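As the structure is a computational prediction, the values presented were derived from the model and not from experiment.
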Amino acid sequence: MKSGFDYFAGGAVADAMPRSTARPDNIPALKQRIAALEAEIESCRKANARIDAGRQEARKTGDNAKFEAFQKEKKANSTRWKKAHDQLRYANQDLKTAENFVGNIMDYAKQNGFLTIFSRSRERISALKPGCGKVIAVGKTLSGPLQWEIDAAGDVQATSLAFLTAKGIELLDNQNGFFMMIEGGKIDWSCHGNDAGTMLREVLGFDDAVKVAADFAKRHPQDTLIVVTGDHETGGLCLPGTPEQLKNLGAQKHSADYFSRKLRQLKKEGGEDKLAKAKALVTKCFGLQFDGEGPMTMNADEKTALEGALLRALGEKSAIEVGFYDNAAAAIKAGKNPGAVFLATLLVSRKSGLEWGTQGHTALPVRTSAMGAQAEEFLAPGNLTEEQKKPYHTHDPKIEVPLPEIDNSDIGIRLKQVVAPLQI
């Protein structure tokens, strides 16, 4: 609240009201828990030393049975250590929060002169005018991020990143200038889930926000600098397919989160035709077809795997059928069972000629681009490649198709133009 910033807008405010474990009255209990966890970790450390010594002795004497017993104990002790280590990290975070507790963050914001807006529609935010003071604009509640771009399709009241960027520029613009940071944070989330169709719409939504800023820069070319970058790459996305395959991403109409939520609702509703409804939901959300012909029609192995996963998601018994899933034997041996959401998003990627290397972050380089006043100085040309020196370009307006009605013929072109160079 003492940051000096005048405009915060987006999804929910994280930890607006901390958990009861992270409040002042729980500080003594937290300190006791931290001490107990530290003792547990020390116990694990001593056990590890004993186990390692035992393993070495068993190896020397050739006692395989004893060695295997120590191996089993080592694994159990490592699990115990990891659990205690994770709990200690969270307990320390709770203690820090409790020691700095000031109450509900939105009430605290009001006390410090912020106008707080709770609205998932544009109406209240649109009504804000320059001079209204400091603003925090979030969703209706203190939980939940902005809608996924793909799920907000057709909702003219959706508070998109581009809309919030435009409103921020309107409120902040003044003769002394201003600084604004805009993050397309859900690009990362969709890449963690390997949800290609959702990721594409998030990147395009971010691109639309950059375009808003670029339009402002064109009106003020002498004193505006725009820098576009990413903090890291997520997912290890590769584009080995053809442009024709990339068009299939247009068949996906909803996010994996939307699908998962609807699938849980379907499980609660019950009924004898749950599987048929779940399959219809797959087609509605991802465009995957169980019958017929076409680029999004699944083969027999794919259908078997997905139907089995859907049954399990609905609480029905089903044999582990992974079929087309990579490393199927290893997955079964490890007791892992690919879920319906993961299999559906994986299938969309495969039908679209995409491959993911991981569900985590990677060490792939990200591109930093800049345009406007002193962009060359900012980019430090001596440290960048010729490709990295190029200014950021939004997608070609000649082929731009307004969201949400994305023309499949442009999907491949826009993905190549926007995703490949950004690597966010």
Side-chain angles (χ1 to χ4, degrees), residues 1-10 114 125 128-137 146 149 159-188 191 202-234 361-400 413-424:
M1 298 301 102
K2 298 179 181 179
S3 64
F5 289 108
D6 297 302
Y7 179 72
F8 294 92
F114 277 88
I125 300 174
L128 296 173
K129 300 298 181 186
C132 65
K134 299 186 292 186
V135 172
I136 297 181
L146 291 177
E149 290 278 349
T159 50
S160 67
L161 194 64
F163 165 74
L164 294 174
T165 299
K167 177 53 68 172
I169 291 173
E170 177 190 347
L171 297 179
L172 297 175
D173 187 20
N174 68 88
Q175 62 181 5
N176 296 319
F178 64 94
F179 166 83
M180 190 175 184
M181 194 279 283
I182 303 110
E183 180 184 16
K186 296 182 78 173
I187 299 172
D188 176 67
C191 288
E202 289 302 311
V203 172
L204 296 178
F206 174 76
D207 189 57
D208 289 337
V210 174
K211 189 173 185 298
V212 169
D215 289 342
F216 175 83
K218 290 174 184 176
R219 299 194 300 271
H220 306 275
Q222 303 302 317
D223 55 6
T224 304
L225 170 67
I226 297 177
V227 180
V228 180
T229 190
D231 52 354
H232 54 73
E233 195 276 340
T234 302
H361 298 163
T362 74
L364 289 173
V366 296
R367 177 176 172 181
T368 297
S369 300
M371 63 175 290
Q374 298 181 310
E376 296 80 5
E377 180 180 341
F378 181 88
L379 289 174
N383 299 324
L384 300 177
T385 66
E386 290 303 314
E387 178 66 20
Q388 289 174 316
K389 294 176 190 176
K390 294 179 181 179
Y392 180 90
H393 293 289
T394 56
H395 43 266
D396 188 341
K398 295 178 183 177
I399 62 167
E400 181 179 353
I413 300 172
R414 294 182 73 185
L415 184 65
K416 289 279 190 183
Q417 286 186 328
V418 180
V419 180
L422 277 179
Q423 294 183 331
I424 291 178

Practice problem: Might you work through the ring pair (Phe, Tyr, Trp, His ring centres under 6.0 Å) test for Tyr7 and Phe179, ending with a clear yes or no? | Solution: CA-CA 10 Å; Tyr7 179 72; Phe179 166 83; over 10 Å; no
Quiz item: Between Ile182 and Val210, does a side-chain contact (heavy atoms from CB on, under 4.5 Å) hold up when you go through it step by step?
Solution: CA-CA 9 Å; Ile182 303 110; Val210 174; over 6 Å; no
Practice problem: For Phe8 and Phe114, run side-chain contact (heavy atoms from CB on, under 4.5 Å): C-alpha distance rounded to whole Å, both residues' side-chain angles, the deciding distance at 0.1 Å, then the answer. | Solution: CA-CA 10 Å; Phe8 294 92; Phe114 277 88; 3.9 Å; yes
Exercise. Please report the C-alpha distance between Glu170 and Leu128 in whole Å, then the side-chain angles of each, then the deciding distance to 0.1 Å, and finally whether the side-chain contact (heavy atoms from CB on, under 4.5 Å) criterion is met.
Key: CA-CA 9 Å; Glu170 177 190 347; Leu128 296 173; over 6 Å; no
Practice problem: Could you walk me through whether Val212 and Phe163 pass side-chain contact (heavy atoms from CB on, under 4.5 Å), step by step? | Solution: CA-CA 9 Å; Val212 169; Phe163 165 74; over 6 Å; no
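When all heavy atoms of Leu225 and Ala370 are compared, the pair lying nearest together is CD1-CB, 4.3 Å. Closest approach of Cys132 and Leu171 over heavy atoms only: SG-CD2, 4.2 Å. Residue Thr229 comes nearest to Val366 through the heavy atom pair OG1-CG2, 4.3 Å, listed as atom of the first residue, atom of the second, then distance. Here the closest non-hydrogen pair linking Ile125 and Ala137 is CD1-CB, 3.9 Å. Heavy atoms only, all atoms of each residue included: Met180 and Thr165 are closest at CE-O, 3.7 Å. Between Ala217 and Thr224, the shortest heavy-atom contact is CB-CG2, 3.7 Å.
Distance check: Glu183 CD to Asp188 CG gives 8.0 Å after rounding to the nearest 0.5 Å. Leu161 CG to Asp208 CG: the interatomic distance, rounded to the nearest 0.5 Å, is 9.0 Å. Atom CD1 in Ile187 sits 11.5 Å away from atom CD in Glu233 (nearest 0.5 Å). From Gln222, atom CD reaches atom CD of Gln374 across 11.0 Å, with rounding to the nearest 0.5 Å.
Using a distance-only test at 3.5 Å, with no hydrogens or angles considered, a donor-acceptor pair links the side chain of Asn174 to the main chain of Leu172. Between the Glu202 side chain and the Glu149 main chain, a donor and an acceptor come within less than 3.5 Å of each other. No donor-acceptor distance shorter than 3.5 angstrom exists from the side chain of Lys167 to the backbone of Ala9, with no hydrogens or angles considered.
Counting only heavy atoms from C-beta outward, the side chains of Phe178 and Ile169 approach each other to under 4.5 Å.
With respect to Asp215 and Lys211, a salt bridge is recorded, a charged nitrogen being found less than 4.0 Å from a carboxylate O.
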